Amino acid sequence: KAVELDVHMSRDNKIVVMHDDSTTRTSGVEYIISKTDSAVLRKLDVGRWKSEQYAGEKIPFLEEALATIPPRCIMFVEVKCGLEALPYIRDIIDKSGKRSQVAIISFSLDVVSASKKLMADIPHYWLRSPRIDSETKKDIPYDNSLIKIAKENNLDGLDLKYYMLTKEFADEIKASGLSLWTWNT
């Protein structure tokens with residue numbers, strides 16, 4: 001069992017759980033997370049947009065989300081902010097008592113590589129979307145360069161969009177000693 005969430009860092013260095021870098025879509029009020037203090041962010045209702053039953057929900061801190069991980073479940077923490085957030089994320093994970101249940105993912109190779117150096121015992125996976133051909137505008141299949149780059153950066157594996165993944169490439173990833181995870185949206 002696994003769950004995934006996205007994190008950003010607020011202006012006052014709090015790690016908050018939010019998909020977007022702004023609060024507009026979920027609260028109807030526009031704040032850029034990195035430019036706003038967490039006390040302001042926490043006053044927002046980010047549940048009502050989904051359904052009345054979620055009205056009053058607040059933006060969670062990473063430590064609150066980590067506290068909800070049930071036994072035998074992994075939480076994939078997607079880091080959507082920069083390198084500056086990594087020491088704060090590490091400290092939160094260290095204090096959570098759930099270190100063995102956390103994996104770090106990011107589309108940023110710099111972030112996931114630096115995070116791996118900071119938290120070597122935690123699995124780290126490089127998130128990748130397929131590249132898009134500039135002429136045809138179609139997705140380009142994944143290639144072995146991803147395996148090479150992941151291994152050069154001491155990552156534990158790749159996290160790829162499922163529909164562009166072939167069985168052959170999945171087999172190559174596994175044969176290289178890397179783990180493979182997929183995502184669908």
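Note that this is a predicted model, so its numbers are computed, not measured.
Checked by atom type and distance alone, the side chain of His8 pairs as donor or acceptor with a backbone atom of Met18 at under 3.5 Å. Under a 3.5 Å cut-off, the side chain of Glu78 and the backbone N or O of Leu127 do not form any donor-acceptor pair. Using modelled atom types, one side-chain atom of Asp45 and one backbone atom of Arg48 make a donor-acceptor pair closer than 3.5 Å. Under a 3.5 Å cut-off, the side chain of Asp20 and the backbone N or O of Thr23 do not form any donor-acceptor pair. Checked by atom type and distance alone, the side chain of Asn153 never pairs as donor or acceptor with a backbone atom of Leu155 at under 3.5 Å.
Annotation: Lys58, atom NZ; neighbour count of heavy atoms from other residues, nucleotides and ligands within 6.0 Å is above 12.
The two residues Leu41 and Ile33 come nearest to each other via the heavy atoms CD1-CG2, 4.0 Å. The nearest pair of heavy atoms linking Thr36 to Ile32 is OG1-O, 2.7 Å. Of all the heavy atoms in Tyr88 and Asn13, the pair that sits closest is OH-ND2, 3.2 Å. Of all the heavy atoms in Leu165 and Ile173, the pair that sits closest is CD1-CD1, 4.4 Å. Heavy-atom minimum distance, Phe169 versus Asn144: CE1-OD1, 3.4 Å. Contact record, Ile140 with Ile132: CD1-C, 3.9 Å, taken as the closest heavy-atom pair.
The aromatic ring centres of Phe76 and Trp181 sit less than 6.0 Å apart.
Here Asp121 pairs with Arg99 in a salt bridge; the nearest charged N to carboxylate O distance falls below 4.0 Å. Here Asp6 pairs with Lys80 in a salt bridge; the nearest charged N to carboxylate O distance falls below 4.0 Å. The existence of a salt bridge linking Glu64 and Arg42 is confirmed by a sub-4.0 Å separation between a basic side-chain nitrogen and an acidic carboxylate oxygen. Between Asp143 and Arg131 there is a salt bridge, since a side-chain N of the basic residue sits under 4.0 Å from a carboxylate O of the acidic one.
Side-chain N/O atoms of Tyr162 and Asn184 include no donor and acceptor closer than 3.5 Å. A donor-acceptor pair shorter than 3.5 Å cannot be found between the side chains of Ser106 and Ser108. Ser10 and Asp12 share a donor-acceptor pair across their side chains, judged by distance under 3.5 Å alone.
For Lys161, the side chain to side chain contact (heavy atoms under 4.5 Å, CB included) test picks out Pro130, Tyr142, Tyr163, Trp183, with sequence neighbours left out. Take Lys167 and apply the salt bridge (charged side-chain N to carboxylate O under 4.0 Å, His left out) test, not counting sequence neighbours, and it matches Asp171.
Looking only at side-chain heavy atoms (C-beta outward), Leu180 and Leu160 come within less than 4.5 Å of each other. For the pair Ser22 and Tyr31, the minimum side-chain heavy-atom distance is 4.5 Å or more. Arg25 has its side chain within reach of His19: a pair of non-hydrogen atoms, C-beta onward, lies under 4.5 Å apart. Counting only heavy atoms from C-beta outward, the side chains of Gln101 and Met75 never approach each other to under 4.5 Å. Looking at His124 and Ile105, their side chains never come closer than 4.5 Å, going by heavy atoms from C-beta outward.
Interatomic distance, Leu83 CG to Leu118 CG, rounded to the nearest 0.5 Å: 10.0 Å. Taking OG of Ser113 as the reference point, atom CG of Asn154 lies at 9.0 Å (rounded to 0.5 Å). Distance check, rounded to the nearest 0.5 Å: CG of Leu5 to CD1 of Ile69 gives 8.0 Å. Residue Glu63 holds its CD atom at 11.0 Å from CD1 of Ile93, rounded to the nearest 0.5 Å. One finds the CZ atom of Arg11 at 10.5 Å from the NZ atom of Lys35 (value rounded to the nearest 0.5 Å).
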*Check step by step if salt bridge (charged side-chain N to carboxylate O under 4.0 Å, His left out) holds for Asp156 and Lys116.*
CA-CA 9 Å; Asp156 298 281; Lys116 181 63 179 178; 2.8 Å; yes

